[in-house]
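Okay, so here's the structure we're looking at.
Everything numeric here is computed off the predicted structure, so don't read it as measured data. Lettering follows sequence order; numbering is per chain, from 1.
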Amino acid sequence: MKHSFYDRPVVEVARDLVGCVLSCGDCAGVIVETEAYHYSEPASHAFVGVTPRTRTLFGRPGLAYVYRSYGIHACFNAVCEPEGVGAAVLVRALQPICGLAEMRARRGVEDVRGLCSGPGKLTQALGIELGHNGLDLVRPGPIQIDERPAAWRAVSLLTDTRIGITKAAELPWRFCAQGSRFLSRPVSRRSVAA
DNA sequence: CATGGGATTGACT
DNA sequence: GTCAATCCCATGC
């Protein structure tokens, strides 16, 4: 994906990333669920400004922001908007397409639907770790995001409220591929076409 | 320097 | 449905 793809409003990028392919090494999956985070709202890590933790979030669009969640899991984001803004898209779920055996080995799970159906699960399945924080997704490297395969070009999206947050919980900044069986959680009845 | 709280998951009732 | 695991780091004294 090009630099300019990420240098746009984060909600637009979150929507457009659904259907794209996230790969790390020999493993890959179609992104079926994303969430947008922006410095202006308190659910975003960038809300507190530039700190050692959030430095990457304020970097160039197209950087990977990887952070540790609950002391246990790694979560993967793509930095968006112009450098210095502080915004990113959290990738929450994938439909696995390549490297299934490696994913199963890393996850210790057989069911395909259990491999990448959550932000902590997909990083474990793909081997994404904290050391990948700050990697440039736009340049050649272990982690890539590629445009939608033909079958996903016209994917229908649903928008919903974000999961697992207590602040700014009302914003409809979660985006899901309609009908996907690989989501981290089903969409709520309140979800609407995006 | 001490404290508290997660953008989660999996095991258990 | 409930709950513990586990650790980084932002905050406040």
Legend entry - Partner nucleotide, any strand, of B:dA7 [Watson-Crick/G-U, under 3.5 Å]: none
Taking only distance into account, with no hydrogens and no angle test, what donor-acceptor pairs under 3.5 Å do side-chain atoms of residues 92-101 of chain A form with protein atoms, sequence neighbours excluded?
residue: A:Arg92; atom: NE; partner: A:Glu33; partner atom: OE2; Å: 2.9
residue: A:Arg92; atom: NH2; partner: A:Ser184; partner atom: OG; Å: 3.2

Legend entry - Where protein sits on nucleotides 3-13 of chain B, one letter per nucleotide: B base, S sugar-phosphate only, - none, heavy atoms under 4.0 Å: ---BBBSS---
Inset, instruction - Taking the side chain as every heavy atom from C-beta outward, state whether A:Leu122 and A:Leu22 have any atom pair closer than 4.5 Å. - result: yes
Inset, instruction - Check the side chains of A:His45 and A:Tyr39 for a donor-acceptor pair under 3.5 angstrom, ignoring hydrogens and angles. - result: no
Inset, instruction - Test the A:Arg8-A:Phe5 pair against the cation-pi criterion, namely NZ or CZ under 6.0 angstrom from the six-membered ring centroid and within 45° of the ring axis. - result: yes
Inset, instruction - Establish, from distance only, whether the side-chain atoms of A:Arg107 and A:Gln124 form a donor-acceptor pair under 3.5 Å. - result: yes
